[in-house]
There are 2 protein chains.
Amino acid sequence: MTETNVSFRALSASCKTCSLAELCLPRGLQAEEFQRLDDVIKARRVVHAGDLLFKEGNDNRSIYAVRSGSVKTFAITESGEEQVLGFHLPGEIVGLAGLDESIHNCSSKALETSSICEMPLDDLEDICLQIPSLQKQLLKLISREISQDHKMLLLLAKKNSDQRVATFLLSLSGRFKLRGLSSESFMLSMSRQDIANYLGLAVETVSRILTKFGDDNIVEVTRRSIQIVDHDRLLEVAST
Amino acid sequence: MTETNVSFRALSASCKTCSLAELCLPRGLQAEEFQRLDDVIKARRVVHAGDLLFKEGNDNRSIYAVRSGSVKTFAITESGEEQVLGFHLPGEIVGLAGLDESIHNCSSKALETSSICEMPLDDLEDICLQIPSLQKQLLKLISREISQDHKMLLLLAKKNSDQRVATFLLSLSGRFKLRGLSSESFMLSMSRQDIANYLGLAVETVSRILTKFGDDNIVEVTRRSIQIVDHDRLLEVAST
DNA sequence: CATTGTAATTGATATGGATCAAGGCTGGTA
DNA sequence: TACCAGCCTTGATCCATATCAATTACAATG
């Protein structure tokens, strides 16, 4: 892979001008601090569906911010199966789980063509010491990740398949809204297989439930396009 | 509750002399740094089975270290049920999930008489800026928490009930070993109900599986006492 | 435009674990 | 020492979801 490969071409955008700054790590930084963070960000690269951002066992300690597109993180079980741990949308940080070890303990793969910012941890730790608010924001993001995982534990331990799928759609809906995108009409970048894996269900079950939600006029589903028709009913299903 | 109540009586021990220091937050600190951490620790208190360490919605931002005994953390679902998120043994830190918000987003309850160190987050953040290695250790613990949660997601999404119970016993076994206690013979401080809740199973299922493991001579179970007879078979069951 | 491979749907059947319903053990208490 | 309450175990039955087996619908490719 050469330096001119599009995958590693630095994009012109900086944190300072990024429209996602308010969702991302630099939230609330001063102008001068933006610049320091910019200096740390190694590369803004474009990845394509199926490309790995990082792999379990990788020793390059970095975290990644999604600028556009989407990625999934996953672990491989002892028996070699994949377990999807999460999906990440623009403005979200990927790779926080591996801060302690020198290696990543899960992998991350692009779901579609996506633009990614890579931040080497060693550099990040350095400027965190200089910019306390960045330090604080990093902690905030990490503990938000834990909260999110706890919600997921609850979903897997207690919710039935209808509730799981409804909760999943609502989570995406809410996150799109946060990004100024339509919360009622969006495309799924992940396959039914990925959704099923993430939710601890069989593909067939996910498919059947989406069809049922369609029949019940709660959502309109056409392949990967989702239109939430009755948000209230969906909320009701999610928590019933 | 008066100041002389045993629950709030400060214990004499300090981080400097605590035998758990190598498992706990102060791992790898210098002598002088130990003292600073000691100053921050508000109280070493004794709690009894059923006592709350902190409650969802509490606004006292603290994290807690278990010195002896054990506690569980749990969230309450929309429908008012409890979801056990984890069990914490001596040397383990509780309350890391709520670092970002001003309030705790889960609750913690003692499973037995336990000795607990409370560390107010504001003070901790301050001395973290002065002691980088403490900062680093805190990050390490948090991201270990995330890794642990990921293992749990995998367990709930993919493992059957035998595997879940076997994995649970092995996790306790390994953690006891780390503390210099017997890894093959220990007491469960939590009820079958708590175990079932944590593992996403019915109490009856947990009970039946423990009985089965007994019949198969893998473990000897007498009420809350566990003796691992065939560690290898247990490993096998956990991942089969 | 036809071809082919992959993803998604749909239907039929099987089953692991939940639920319902008793009964038994144990540790605390008067 | 007997009683009680909570925890745990055991048995019978049911059901939600997995699994197996086609079929259909795209999207990519030449």
Side-chain angles (χ1 to χ4, degrees), chain A residues 48-50 72 77 79 81-84 109 111-113 155-169 187-216 219-226 237-238 240, chain B residues 48-50 72 77 79 81-84 109 111-113 155-169 187-216 219-226 237-238 240:
Chain A
H48 298 283
K72 66 173 172 180
T77 71
S79 45
E81 307 155 281
E82 177 175 319
Q83 175 61 48
V84 174
K109 193 178 265 190
L111 293 166
E112 59 189 316
T113 300
L155 177 143
L156 291 171
K158 289 237 157 44
K159 297 196 173 183
N160 66 26
S161 52
D162 285 358
Q163 295 173 315
R164 291 183 200 192
V165 175
T167 303
F168 172 69
L169 292 177
M187 293 294 288
L188 301 174
S189 58
M190 66 295 288
S191 66
R192 298 286 193 273
Q193 186 57 254
D194 281 337
I195 299 173
N197 185 308
Y198 178 58
L199 297 177
L201 299 170
V203 206
E204 295 92 329
T205 304
V206 172
S207 181
R208 275 186 250 270
I209 288 169
L210 287 176
T211 304
K212 188 173 67 175
F213 285 175
D215 293 346
D216 294 351
V219 288
E220 255 173 43
V221 185
T222 316
R223 220 163 156 76
R224 295 203 178 177
S225 125
I226 298 287
V237 172
T240 303
Chain B
H48 299 284
K72 67 174 172 180
T77 71
S79 46
E81 307 156 280
E82 176 174 319
Q83 175 61 47
V84 174
K109 193 179 264 191
L111 292 166
E112 60 190 316
T113 300
L155 177 143
L156 291 170
K158 289 235 158 39
K159 297 195 174 186
N160 66 26
S161 52
D162 285 359
Q163 295 173 315
R164 291 185 199 191
V165 175
T167 303
F168 172 69
L169 292 177
M187 295 293 288
L188 301 175
S189 58
M190 66 294 289
S191 67
R192 298 285 192 273
Q193 185 56 254
D194 280 337
I195 299 173
N197 184 308
Y198 178 57
L199 298 177
L201 299 171
V203 205
E204 294 94 327
T205 304
V206 171
S207 182
R208 275 186 250 271
I209 288 170
L210 287 175
T211 304
K212 187 173 67 175
F213 285 175
D215 293 346
D216 294 350
V219 289
E220 256 173 43
V221 185
T222 317
R223 216 161 158 77
R224 295 205 178 177
S225 126
I226 298 286
V237 173
T240 303

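Proteins come first, then strands; the chains are lettered A, B, ... in the order of their sequence lines, and each starts at number 1.
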Using side chain to side chain contact (heavy atoms under 4.5 Å, CB included) as the criterion, list what pairs up with [X], not counting sequence neighbours.
X: B:Asn160; answer: B:Asp162, B:Gln163
X: B:Lys109; answer: B:Leu52, B:Lys72, B:Phe74
X: A:Ser225; answer: A:Met187, A:Thr222
X: A:Ser79; answer: A:Thr77, A:Glu81

Sequence-distant partners of [X], side chain to side chain donor-acceptor pair (under 3.5 Å), two or more places apart:
X: B:Thr167; result: B:Lys159
X: B:Thr113; result: B:His48
X: A:Ser189; result: A:Ser70

Rounded to the nearest Å, what distance is computed from the [atom1] atom of residue [X] to the [atom2] atom of nucleotide [N]?
X: A:Asp162; N: D:dC15; atom1: CG; atom2: P; result: 16 Å
X: B:Leu188; N: D:dT9; atom1: CG; atom2: P; result: 10 Å
X: B:Arg192; N: D:dT10; atom1: CZ; atom2: C1'; result: 14 Å
X: B:Lys212; N: D:dC8; atom1: NZ; atom2: P; result: 20 Å

The first and last nucleotides of DNA chain C lying within contact of chain B, meaning any atom under 4.0 Å from one of its heavy atoms, run from C:dG17 to C:dT26
Looking at every non-hydrogen atom in both residues, tell me the closest pair between A:Phe168 and A:Met190 and how far apart they are. CZ-SD, 4.0 Å
Distances for protein N/O vs nucleotides 28-30 of chain D N/O pairs under 3.5 angstrom?
none

Enter the distance from B:Asp216:CG to B:Ile209:CD1 here, rounded to the nearest 0.5 Å. 11.5 Å
Have a look at B:Arg224 and say if it touches a base, only the backbone sugar-phosphate, or nothing, with a 4.0 Å heavy-atom cut-off. sugar-phosphate
Under 4.0 angstrom, heavy atoms only, what part of the nucleic acid is B:Thr211 near: base, sugar-phosphate, or nothing? sugar-phosphate
Does [N] have OP1 or OP2 under 4.0 Å away from a side-chain N or O of [X]?
X: A:Thr205; N: D:dA18; value: yes
X: A:Ser161; N: D:dA16; value: no
X: B:Ser191; N: D:dG6; value: no

Side chain proximity check, [X] to [Y], heavy atoms < 4.5 angstrom:
X: A:Glu82; Y: A:Asp194; answer: yes
X: A:Arg208; Y: A:Lys212; answer: no
X: A:Leu156; Y: A:Arg164; answer: yes
X: B:Leu155; Y: B:Leu199; answer: yes
X: B:Gln193; Y: B:Val206; answer: no

Just the atom pairs and distances: protein N or O near nucleotides 20-25 of chain D's N or O, under 3.5 Å.
{"residue": "D:dC20", "atom": "N4", "partner": "A:Glu204", "partner atom": "OE2", "Å": "2.9"}

Between the side chain of A:Arg192 and the main-chain N/O of A:Thr205, is any donor-acceptor distance below 3.5 Å? no
Ignoring hydrogens and angles, tell me if any N or O in the side chain of B:Lys158 forms a donor-acceptor pair with the backbone of A:Asn197 under 3.5 Å. no
Sorted by number, residues from residues 193-203 of chain B placing a heavy atom under 4.0 Å from DNA chain C are B:Gly200, B:Leu201, B:Ala202
Note the angle between the end axes of the helix from C:dC1-D:dG30 to C:dA30-D:dT1, five pairs defining each, rounded to 10 degrees. 40°
